[in-house]
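The next block holds one structure in the form of C-alpha cells; read it before the comments.
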Amino acid sequence: MAERYDPAELDRKWQRLWEKAGTAVVDTARGENGFYMLNMFPYPSGSRLHVGHGRNYILGDALFRRQRMAGRRVLNPMGWDAFGLPAENAAIASGVHPREYTLGNIGRMKEQLRGLGLLYDWSKELASCDPAYYRWNQWLFLRMWERGLAYRKTAPVNWCPGCRTVLANEQVVDGRCERSGDAVEIRDLTQWFFRITDYAERLLAGLEALDWPERVKTMQRNWIGRSEGAEVFFRVEALAEPISVFTTRPDTLFGATFIALAPEHPAAARLAERSPRRAGIEAFIERVRRESRLEREAEGGEKEGVDTGVSALNPMTGEPIPVWLANFVLPDYGTGAIMGVPAHDQRDFEFARRYGLPVRPVYRIAGEDPDPAAMTAAVPHGGVLFGSADWDGAENGPEAIRRAIAGIEEKGVGRGRVGYRLRDWLISRQRYWGTPIPAIHCPSCGVVPVPDEDLPVLLPEDVAFQGAEGNPLEQSEAFVATTCPRCGGPARRETDTMDTFVDSSWYYLRFLNPQDDRQMVDAGRAAAWMPVNQYVGGIEHAILHLLYARFVCRVMKDLGLVALEEPFARLFNQGMITRLNPATGKVEKMSKSRGNTVSPDELIARFGADTLRVYTLFIGPPEKESEWSEEGVSGAWRFLQRVHDACTRVEAIRPGASGEPDADTPLRRFEHRTIQRVTEDADRFHFHTAIAALMEFQRAITEALDEGIETPATVVSAAQTLVTLLHPIAPHLTEELWERLGGRPFLLDAAWPSFDPELATPERVTLVVQVNGKVRARLDVERGAAEGDAVALARADEKVRPWIDGKEISRAVYVPDRLLNLVVR
RNA sequence: GCGAAAGUGGCGGAACUGGUAGACGCGCAGGUCUCAGAAGCCUGUGGGUAACACCGUGAGGGUUCGAGUCCCUCCUUUCGCACCA
C-alpha cells in the first residue's frame with residue numbers, strides 16, 4: 001500500500017467541498033418527500049465543546065445522512081439559543097457587550113461543529129438575539145396579550161438572588177435555581193405570565209399520541225399533575241364570603257374536623273384583624289412568608305399552624321369546625337385552602353395530632369386506611385361515628401367520590417372540579433440580554449401595548465455592563481423614557497425581558513422561513529414540513545423547553561398561524577457521556593466543572609473527525625449513558641485504517657473488474673447480510689452494532705483479497721457497499737474512498753443499498769443439538785433441513801451418541817435452522 | 001415513601017420475538033516485523049480441567065423440552081415524583 005490514511009487533509013478537503021456544493025441546502029418552499037431532522041439548538045457558551053457534547057450532534061448528523069441516502073429531502077438546520085444570563089454575566093465581569101461575546105462564541109462553536117463533519121443547512125441559520133428574530137417574540141406576546149394569554153399580576157414568585165431575577169416554577173429544582181444552585185426566595189412582585197394553565201388539559205391529552213420516550217411523557221404528566229375532585233364552600237361566621245377549599249376526597253367531607261388556609265390566603269389577614277390573638281397570628285404569617293421555598297418545602301419539615309379562633313360550618317352538617325392557618329398549605333395550588341380530614345389524610349393527621357384536633361373516620365367508607373380504631377386511641381378527642389345515609393353503600397374509590405360530588409352539588413355547597421399542579425408560566429426576567437417585553441407604563445392609561453408598527457423594541461446600546469447591579473436596562477434613559485402610544489403623554493417603558501424559553505418555544509417553525517420579514521411563520525411551509533420528524537436532544541429539557549414548545553405551538557394554532565398542535569412527532573434523548581474522574585475516583589458526567597472532559601480538538605488533530613465519530617457512536621447504545629475510554633478511541637482508529645487499506649487494495653484491482661458481481665458467493669452473501677444488519681441497526685439508532693457488523697464485513701473483504709477467490713467485480717461491489725453503509729458514521733474517509741472506487745461525489749446523493757432477503761440468509765447453518773436441554777454438539781447443515789434428517793444426523797454424531805446410548809428418546813423438539821433438543825429418559 | 005428503568009467476562013457492550021450466552025471493541029498473553037522500541041499485522045482470551053465433565057447473565061424460588069429473556073420474592077444502582085390536599 002502506497003499512501004497512508006491522512007485524516008487531517010481529507011477532513012478539510014471534504015468539508016470544503018460539501019459546503020461549496022451546498023449539499024445540505026433544502027428549499028423549504030417545496031415540501032414533497034420532506035423529512036425534518038432537528039437537534040435542539042445550543043446555547044453558544046464561551047467554553048469549547050467536549051466529546052460529551054458531541055454525541056447528540058454526531059448522532060443527529062448520522063441520522064440526517066442516513067435519511068438523505070434513503071432518498072428524502074432532509075431539512076437539517078442549525079441555529080443559536082443566543083440570549084441568556086451567561087453572556088450578560090460575562091459582560092458584567094469584563095465589560096464586553098453581550099452581543100459581541102455571544103457572536104464570538106457562535107463563530108467558534110460553528111467552526112467546532114464543522115470540524116466534526118456535521119452538515120447543516122446553514123442558509124437557515126438563525127440566532128434568537130437577532131432583532132429580526134426577537135421582534136416576532138414581541139409580536140406573539142402582543143397577540144397573546146390581546147387574548148388574555150399574556151397578563152400581569154402581583155403574586156408570590158421565585159426570586160434567585162444569584163441571578164438577580166425571578167424564575168419560572170419549572171426552573172426551580174428542589175427549592176434551588178436550576179442554573180446557579182442558589183436557594184430561591186419567595187417575593188411578592190408584579191410580573192408577566194403566560195396562561196399555560198388554560199392549556200393544561202390539551203397538553204396532557206396530546207401526550208398520548210406522541211412517539212416520545214415514556215419517561216419524558218411521564219415527567220410531563222406529573223408536572224401537569226391533573227387531579228379530579230371538588231371545590232367545597234365553607235361558610236365562616238366572620239366573613240361575608242365563604243372559604244372555598246379544593247379536595248380530591250370529597251367523599252371524606254363528613255370527616256373534616258378543621259379547615260386550614262395558606263398564610264398568604266387573602267382571608268388570612270382579615271381573620272387576624274378580628275382575632276383577640278391578632279399579634280400572634282400576624283407574626284406567624286410573617287414568619288412563614290419569609291421562609292425560602294427550600295425551607296418551606298423541606299422534607300420532614302414540621303407542620304405548623306395557628307388557630308384563628310374563628311369557626312367555619314361544615315356545609316353538609318352545619319357543624320362548626322375551627323379555621324387554622326398552616327404552613328403546609330400552598331398558596332398557589334387549588335384555592336389555597338384545605339379541609340382537614342385527619343382520619344383519611346396523612347398530612348392532616350400529623351397536623352391534628354400536633355394540635356390536638358379531633359380525628360373522625362368516615363366509617364361508611366369501606367377499606368379505608370389507617371385503621372380507625374387505632375387512630376381513635378392515638379388522639380385525645382376520639383373518633384365519632386359519622387356518615388351520611390345518602391352516600392351509604394358506595395364503594396370506597398371513584399364511585400364514592402362521584403356520588404359525593406353529586407351530593408355536594410345538589411346541596412349547592414360546592415362543585416366538581418379538576419385541579420392541576422401546573423402554574424402559569426412566569427416569563428419576566430429582570431435582565432438585559434433577552435427580548436424586551438413590548439409594554440409601556442403610562443401614568444394615565446396604565447399598562448399599554450407597544451403598537452405593532454413600532455416593533456421591534458430594540459435593546460438599547462447606551463448601557464455600561466461592567467460591575468452593573470440590578471437590571472442594566474434600567475440604566476438607559478433613552479430606552480426607558482418614551483411616550484404613551486395611547487395618550488401621547490410621557491411614559492416609561494417596561495424593562496423586564498422575556499425568559500429565553502420563549503425564544504426556543506417556536507424556533508423550529510422559523511427555520512422554514514428565517515429571513516421572512518413579513519410574517520412570523522409561513523403557514524404553507526409549516527403544513528408541508530411540520531411536525532419535526534425527528535427531534536434529538538438532552539433529557540434535561542424533558543419538562544422546560546418541551547412543555548413550553550408544545551404550549552406555544554398550540555397558542556399559535558389558536559391564533560391561526562399554523563395548523564398543528566404538536567411540534568415534535570418523535571423525540572430521542574441521548575444518554576450522557578461519563579468518564580472516570582481522577583480527582584474523585586468516580587465515574588461522573590463529563591463536565592468542565594468536574595474537570596473530567598476530553599477535548600475533541602486534540603483527538604481530531606491526531607486521528608481525524610471520523611475516528612471521533614466512530615468511537616462516539618460505537619461507545620454504546622445512544623439512549624444510555626456511556627463511559628469514555630481513551631484506549632477505546634484507538635480501536636476506532638485501527639478500524640478506519642483497515643477500511644482504508646482494504647479499499648486501497650480494491651482500488652488496485654478495479655481495472656480488472658469487468659461485468660457484474662457474481663450472483664451468489666460467500667462474499668456476496670456477506671454483503672447482503674451486512675446491508676440488512678446495518679440498515680436495521682441504523683434505523684433504531686443502534687450505530688454501535690451497525691459498526692460491529694461493518695467491522696466484520698471489512699474483515700471478510702480483506703480475507704477475500706488475501707485468498708483471491710472472489711472475482712474483482714464482486715470485491716469492488718463489496719467495498720463500495722462498505723463505504724456507502726459507513727458513510728453516515730465516517731463521512732470524510734468514505735467520501736474519499738467512494739471516489740477512488742469509481743463513485744461520483746457526493747455519497748450523500750448515492751442510494752442506500754438494498755438487500756436481497758434470500759442472499760442475506762446463510763446457505764448452511766449451525767444446528768445446535770441438545771440432549772435434555774444441554775448443548776452436546778453443533779452440526780453444520782443445509783438450511784431448511786427436515787426434522788427426520790436432523791434427528792438421524794444427530795443420533796449418528798459421535799459427540800451426541802454417549803448421551804443417548806441405551807436411552808429412549810421420548811421427545812424431540814426441533815426448531816428448523818436453529819436447534820434440535822432430544823429428550824431422553 | 002411512590003413510580004420507572006437497569007444489573008451479563010478484567011472493562012465498554014451484544015444476544016430485538018424464550019432456542020449456540022459473551023458478537024464487536026478495549027485490555028491482557030504469545031508470536032511476527034525491528035539493532036531495539038513505537039505503530040502495524042497474526043493467534044489466543046468467561047471460570048474450571050491434562051482433556052472431558054462441570055460451573056456460569058445481582059440472590060433465591062417457579063413455569064418450560066429449553067430462561068440473560070417470562071412469573072413471584074428479595075438485594076443493589078440510576079432516574080423521576082414526593083407536603084399538590
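Each chain gets a letter, A, B and so on, in the order its sequence line appears, and its residues count up from 1.
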Quick test of your reading of the model: are [X] and [Y] salt-bridged, counting only N-O distances below 4.0 Å?
X        : Y        : answer
A/Asp706 : A/Arg649 : yes
A/Glu304 : A/Arg287 : yes
A/Glu671 : A/Arg669 : no
A/Glu696 : A/Arg677 : yes

With the side chain of [X] defined as its heavy atoms from C-beta on, choose the nearest nucleotide among [options].
X        : options             : answer
A/Thr247 : B/A53, B/C24, B/A85 : B/A85
A/Lys774 : B/C55, B/A23, B/A85 : B/C55
A/Lys303 : B/C83, B/C54, B/C65 : B/C83
A/Arg215 : B/C26, B/A23, B/C79 : B/C79
A/Arg811 : B/A85, B/C65, B/C26 : B/C65
A/Arg776 : B/A85, B/A53, B/A23 : B/A53

Mapping A/Val633 and A/Met339 onto RNA chain B by nearest heavy atom, which one lands closer to the 5' end?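 Between the two, 5'-proximity favours A/Val633.
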Heavy-atom nearest nucleotide on RNA chain B for A/Gly336 versus A/Arg677: which residue maps closer to 5'?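 Going by which nucleotide is closer to the 5' end, it is A/Arg677.
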Distance in angstrom units between [X] [atom1] and [N] [atom2], rounded:
X        : N     : atom1 : atom2 : result
A/Asn573 : B/A4  : CG    : P     : 19 Å
A/Glu787 : B/C65 : CD    : C1'   : 13 Å
A/Gln220 : B/C79 : CD    : P     : 20 Å
A/Asn222 : B/C79 : CG    : P     : 17 Å
A/Phe349 : B/G1  : CZ    : P     : 19 Å

Are more than 12 heavy atoms from other residues, nucleotides or ligands located less than 6.0 Å from atom CZ of A/Arg415?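 It does not: A/Arg415 CZ has 12 such atoms or fewer within range.
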Might you confirm whether atom CZ of A/Arg221 has over 12 heavy atoms from other residues, nucleotides or ligands at distances under 6.0 Å?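 Above 12, so yes.
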Do nucleotides 8-20 of chain B as a string where each nucleotide becomes B, S or -: B if the base has a protein heavy atom under 4.0 Å, S if just the sugar-phosphate does, - if no protein is that close. ----BSSSB--BB
Return a single string for nucleotides 39-47 of chain B, one symbol per nucleotide in 5' to 3' order, where B is base contact, S is sugar-phosphate-only contact and - is none, cutoff 4.0 angstrom on heavy atoms. -SS------
Chi-angle category of B/G9 [syn within 90° of 0, anti beyond]: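 In terms of base orientation relative to the sugar, B/G9 is syn.
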Looking only at side-chain N and O atoms, does [Y] offer a donor or acceptor that is under 3.5 Å from a partner on [X]?
X        : Y        : value
A/Arg594 : A/Ser591 : yes
A/Trp223 : A/Glu170 : yes
A/Glu625 : A/Thr578 : no

Nearest heavy-atom neighbours spanning A/Arg55 and A/Gly620: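 Smallest heavy-atom distance, with atoms named: NH2-O, 3.7 Å.
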Check whether any side-chain N or O of A/Ser227 sits under 4.0 Å from OP1 or OP2 of B/A85, and answer yes or no.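 Checking A/Ser227 against B/A85: at least one side-chain N or O falls below 4.0 Å of OP1 or OP2.
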Quickly, which of A/Tyr5, A/Tyr615, A/Trp637 forms a ring-ring contact (aromatic ring centres under 6.0 Å, His included) with A/Phe607? Name it, please.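 One option only clears the test, and that one is A/Trp637.
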Under 3.5 Å for both distances, Watson-Crick or G-U wobble, that's the pair rule; now give the dot-bracket for RNA chain B, with | marking pairs to another strand and [ ] for crossing ones. (((((((..(((......[....)))((((((.......))))))((......))..(((((..]....))))))))))))....
Spacing of the P atoms in B/G7 and B/U57 (rounded, Å):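 So the two P atoms sit 13 Å from each other.
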Inter-nucleotide C1' distance (B/A23, B/G62), Å rounded: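 Rounded to whole Å, the distance is 31 Å.
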Relative to the ring of A/Phe351, is the ring of A/Tyr355 parallel (under 30°), tilted (30 to 60°) or perpendicular (over 60°)?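 The rings of A/Tyr355 and A/Phe351 sit tilted, inter-plane angle from 30° to 60°.
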